[in-house]
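I have placed the structure first, in the form of structure tokens, so that the comments after it can refer back to it.
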Amino acid sequence: MSLSVDNVSKRFGRFAALDRVSLQAVDGEFLALLGPSGSGKTSLLRVLAGLSRPDEGRVLFGGEDFLRLSPRERRVGMVFQHYALFRHMSVADNVAFGLRVRPRRQRPPRAEISARVKELLALVQLEGLEKRYPAQLSGGQRQRVALARALAIEPRMLLLDEPFGALDAKVRRELRRWLRQIHDETGVTTVFVTHDQEEAMDLADRVVVLNAGRVEQIGTPAELQKTPATAFVFDFLGDSNRLPCRVVDGHAMFEGGFSAPALGPVHEAAQATARFRPHEVDLAVEGGVPVTITHLSARGALIRAECQGLDGALYEVDLLRDATPASLAPGARVRLRPRRVFVFAETAR
Amino acid sequence: MRGRWLEPSVLPGFGPALGFTLFWLGLLVVLPLAALVARPWELGLAGFWHSVTEPRVLAALRLSFGAALAAAAVNVVFGLVVTWVLVRYDFPGRRLADAVVDLPFALPTAVAGIALTAIYAGNGWIGSWLGPLGIKVAYTPLGILVALVFVGLPFVVRSVQPVMQDLDAELEEAAETLGAGPVQRVTRVILPALAPACVTGFALAFARALGEYGSVIFIAGNMPLVSEIAPLLIVIRLEQFDYAGAAAVGLVMLGLAALGLLAINLSQVILARRGAA
């Protein structure tokens, strides 16, 4: 079923956690809410779950006014960052909880519940751990129990609040792939909160970038990379270098007479900041912004060079290891020639 | 003797510290109890049996244990409610209410006894209301229960409070999104999580109520076979210079109390094993 959030605002005292947020998700979509802490992504998720009430705005789900339903009536599966498992219940009892608390008429018979629990534990690859207690499981296992518990109620929508935030990097990548697989199998509309842009780009069909309670941009991962709408989105989605420039007729002009086509919304500006990624810049002997290499570090197929401009500003440049001359060493004077630069309007926020 | 338990520790002086601990416990706890155990046997086995099976003694023991258990149970129920309000809500005077919980700890028990008697006596504030309804509190077993509930309340509240404070609100939210109603959230999620703390509170309140003397004797009326508690009976026997008889009652109390606490501890172990193994 499709989700539509329309101009939702939520204030805590004078702090606006959500400021006129609008977004849509189609049936079966995997949506990521991405933003730094305090950007309102968890507040929005709690509004969707019914755990918090917005001050203004509408939330429609499958055409139904969601805000008029209690969390119980919404039938959404929620997965919390710190699992929120019931410690006094075994894994099987945790998973069965949502079925057992149903009113008697809707409650499946005992045998059906235990069959369903078995099936779900197989889905989350935890067969044989039915009788364990949460305290006897690893973090990754606990989160999988929490997901099985949320799936047990056959949720109409799945909400995940930084589900892998408390896990280490390797387990995280594994669970990420596996979550996407489960989503594709069940086809349930999923909203996923994260502050990790890599996770959002990797998992989601579309990403909603939030900042200070507002939507900065909504798009597919490829769209966000190709055409970031604001400086915030560009900076948040990866490493970012900044250079002062002038923009003349859609071209960014740098000191030293070097220029590059300016992507982004700004076509004319006397004073602006050009942004570029470390992998979208060349080092040259002449014709470019003069810098000195201060540090080189190996990163797989790449070499990350840290450079310092004449004014002391730092820049990061990624070079292909195989194409890097041995003469390039700390102390070398080179010139930066950005290939793709973005110029955004200066926001007065 | 170099077992695993004698592995060197970062803290020095294990030997002397253990020695001192054993000496101190022996002097303060074991020695007096040993005297209590040794004393009654000068009556002989038959004499001991006769001494503790007198109808008056049996009635007093039944009353003491029954009232202590009932008071602890009442305290668990209403102590939970009080704790709930103190932890979950913020209202003007919450800190004051929190401090009031400790009053039964701090008050000399005789003062509590006199105050309760004054209120629940036939002409007291509450007693004069209950009297016409046919409910007599002061000078009856009911009065004993009231006094024991009074002294036991802080034990339950202070045992449960920290656990309830640490209870993650996300647990209830998770239960709610899974479809649990308010009653189910309390009975299936919150109460089981609080159960070990409740058992601890129950045990402390029970132990305190069993030994309570000062507040009870004022309100109880102390009628033999009806409202006479076992500790009072011990005092009465001492006043009659029947030291062995007093020790006999004391020994029976000690044995029963030990059994009760053992049962409580066992249930505690079972509860704890479920939660965190």
Side-chain angles (χ1 to χ4, degrees), chain A residues 42 45-46 48-52 69-91 93-104 106-107 131-137 145-162, chain B residues 76 80 83-84 87-92 156 159-203 264-277:
Chain A
T42 295
L45 201 72
R46 292 176 61 82
L48 296 181
L51 298 172
S52 144
L69 301 181
S70 73
R72 303 175 65 187
E73 294 162 330
R74 292 188 191 194
R75 207 148 60 82
V76 296
M78 177 101 180
V79 175
F80 296 85
Q81 180 174 5
H82 298 290
Y83 329 124
L85 292 179
F86 307 126
R87 291 165 46 110
H88 60 277
M89 291 183 203
S90 68
V91 166
D93 290 340
N94 263 288
V95 175
F97 184 87
L99 299 174
R100 294 212 178 114
V101 295
R102 283 192 188 165
R104 189 152 304 166
Q106 299 164 30
R107 197 184 307 157
K131 295 210 171 71
R132 297 270 193 98
Y133 285 92
Q136 300 165 318
L137 301 178
V145 173
L147 187 67
R149 184 178 68 175
L151 289 171
I153 61 169
E154 291 174 316
R156 302 192 290 173
M157 179 163 60
L158 196 56
L159 306 174
L160 303 110
D161 187 6
E162 305 221 15
Chain B
V76 165
L80 265 175
T83 314
W84 182 269
V87 172
R88 289 301 175 99
Y89 303 106
D90 205 0
F91 52 92
V156 173
S159 301
V160 176
Q161 200 171 22
V163 181
M164 200 184 280
Q165 268 161 352
D166 285 348
L167 209 61
D168 204 339
E170 280 187 355
L171 287 181
E172 284 164 72
E173 291 175 348
E176 195 177 358
T177 58
L178 290 168
V183 176
Q184 287 169 319
R185 295 203 290 275
V186 171
T187 56
R188 286 169 178 261
V189 175
I190 298 172
L191 287 184
L194 297 178
C198 286
V199 171
T200 303
F202 180 89
I264 289 167
N265 272 328
L266 277 179
S267 69
Q268 187 78 276
V269 167
I270 291 166
L271 284 173
R273 190 175 297 156
R274 287 194 323 180

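Letters A, B, ... mirror the listed sequences (proteins, then strands); counts begin at 1.
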Item to check | Interface moiety of B/Q184 toward chain A, non-hydrogen atoms closer than 4.5 Å | outcome: side chain
Item to check | From CZ (A/F86) to CD1 (B/I190), nearest 0.5 Å | outcome: 10.0 Å
Checklist entry - If you take all heavy atoms of A/I153 and B/T177, which pair is closest and at what distance? => result CD1-O, 3.7 Å
Checklist entry - Which pair of non-hydrogen atoms, one from A/R72 and one from B/P182, has the smallest distance, and what is that distance? => result NH1-CD, 4.2 Å
Checklist entry - Checking A/A152 against chain B: side chain, backbone, both or neither under 4.5 Å from a heavy atom? => result neither
Item to check | Euclidean distance, A/R100 CZ relative to B/L178 CG, rounded to 0.5 Å | outcome: 12.5 Å
Item to check | Residue that, paired with A/R46, satisfies salt bridge (charged side-chain N to carboxylate O under 4.0 Å, His left out) out of B/E176, B/E170, B/E173 | outcome: B/E173
Item to check | Side chain to side chain, B/R188 and A/F97, heavy atoms closer than 4.5 Å | outcome: yes
Next on the checklist: Just checking B/Y89: does its OH atom have more than 12 heavy atoms from other residues, nucleotides or ligands closer to it than 6.0 angstrom?
Outcome noted: no
Next on the checklist: For A/L159, which atoms come within 4.5 Å of any heavy atom of chain B: side chain, backbone, both, or neither?
Outcome noted: neither
